[in-house]
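Before any comments, here is the structure.
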Amino acid sequence: MTLKIATFNINGIKARLPRLVEWLEETQPDIACLQELKSSDETMPTKEIEAAGYGFLYHGQKGFNGVAILARGAQPVETQRGLAGEDEDEQSRYLEADVHGVRVASIYLPNGNPQPGPKFDYKLRWMARLRERAKVLLASEIPTILTGDYNVIPHDDDVWDPRGGMANDALMQPESRDAWFRLLGDGWTDALRSRHPAGGVWTFWDYQAGGWQRDHGFRIDHLLLSPALADRLEGAGVDKDHRGREKASDHAPTWAKLS
DNA sequence: ATGACGGATGATATCCGA
C-alpha cells in the first residue's frame, strides 16, 4: 500500500482542464494539490474533476491565486482555509484537509516580485505565518505534507543559471531562503531534495525566451514531509513530459511516493 | 537593459505571474 501525492501549479483550471484530467488519468495520484486555479468558486469545473474519480476541495478567487486538494476516490475533509495572523489578507493561497490518513496543505506562496517592495514584504510575512501553522502541525504529530508552489529556489543548484537574470529575483533572495531554511529547521523534509541531493531538477520553465526548449528552469514546487512521513519516503520526481505538451502549464507536476 | 508568453478580465489594453 503506497500513497502518491503530487503538487501541480496549473496556471488556470479552466484553460488547463483537458491537460489536468489527462494527467490525473495517466499518473493516478492518490492526492493532488493544485495552485493558481484562477477561478472563482462559482465557475469551478467540479463536475469534470469528480467525473475523473476525484473528491475536490477548493478555495477559489476570481482572476488570481486559488488552491485545491483532490483525492482519488475520497472527499478531503477541510481542516483550515487561509493562514492566521493577517486579517486583511483575502488572497486564496492556503487550504488544508485530512484525507487518505494524512493531513495535507495546498500552498501557493506569494511570488514577492518586485523586490524590494510591498509585495516582497508580503511574501516574507506570509512565510512567517506559514511557519507558525507548520509548528502547530508538527506539535500535533499528525502525519502531514505541506506541498505546493513555494516560489522559493532553495539552493543555487535548483536554478539553471544562479548568476544570471534570476539573481535579483525574489525567488532566490537571502531573505526568502532564510525563511525557507527556518521552516525546514523545525523538522520538515524536502522530499525531492532528499531523493535528488545534487540538484539540477526543475519544476518550472518560463513560457518566455524559449525557457522549455533550452531547459532553462528552476525548482520552486516542493513537498515537505513531517518526520513520520519522511521515514516512509520511497521516491520523488517530476512529471517533466507534461510540461512539453500542447497548452501546458509553465509548471510540471511534482510528486512523492510514500510506503 | 528590455522583452519575450500565457491566462484572465464589466477586456479590445492592462494586470499578474516567475
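Residue numbers start from 1 in every chain, and the chains themselves are labelled A, B, ... in the order their sequence lines are given, proteins ahead of strands.
Rounded to whole Å, the P atom of dA8(B) lies 29 Å from the corresponding atom of dT2(B). Only the P atoms considered, dG10(B) is 15 Å distant from dC15(B), to the nearest whole Å. Taking the C1' atom of each, dA11(B) and dG6(B) are spaced 15 Å apart, rounded to whole Å. Comparing the same atom, C1', in dA18(B) and in dA4(B) gives a spacing of 13 Å after rounding to whole Å. The gap from the C1' atom of dT12(B) to that of dA1(B) amounts to 30 Å, rounded to the nearest Å.
For the residue pair D221(A)/N9(A), the side-chain donor-acceptor check at 3.5 Å is not satisfied. A donor and an acceptor atom, one from each side chain of S92(A) and H59(A), are located under 3.5 Å apart. With 3.5 Å as the limit, one finds no donor-acceptor pair spanning the side chains of N151(A) and Y108(A). No side-chain donor-acceptor contact under 3.5 Å links D215(A) and W160(A). Between the side chains of D158(A) and H155(A), a donor-acceptor pair is found at a separation under 3.5 Å.
Mapping E36(A) and T43(A) onto DNA chain B by nearest heavy atom places T43(A) closer to the 5' end of the strand. Position along DNA chain B of the nearest nucleotide to A248(A) versus K119(A) favours A248(A) as the more 5'-ward residue.
Across all strands shown, A209(A) has heavy atoms under 4.0 Å from base atoms, whether or not it also approaches the sugar-phosphate. Heavy atoms of H216(A) sit nowhere under 4.0 angstrom from any nucleic acid atom. Using a 4.0 Å heavy-atom criterion, one finds that D221(A) contacts no nucleic acid atom at all. Across all strands shown, D250(A) has no heavy atoms under 4.0 Å from either base or sugar-phosphate atoms. Residue Y150(A) is classed as having no contact, given no heavy-atom separation below 4.0 Å to the nucleic acid. Residue contacts shown for N11(A) are limited to sugar-phosphate atoms, with no base heavy atom under 4.0 Å away.
Other residues, nucleotides and ligands place no more than 12 heavy atoms under 6.0 Å from the CG atom of D87(A).
Every residue meeting the salt bridge (charged side-chain N to carboxylate O under 4.0 Å, His left out) condition with R125(A), not counting sequence neighbours, appears here in chain and number order: E86(A).
Where DNA chain B meets chain A (any atom under 4.0 Å from a heavy atom), the bounding nucleotides read 5' to 3' are dA4(B) to dA18(B).
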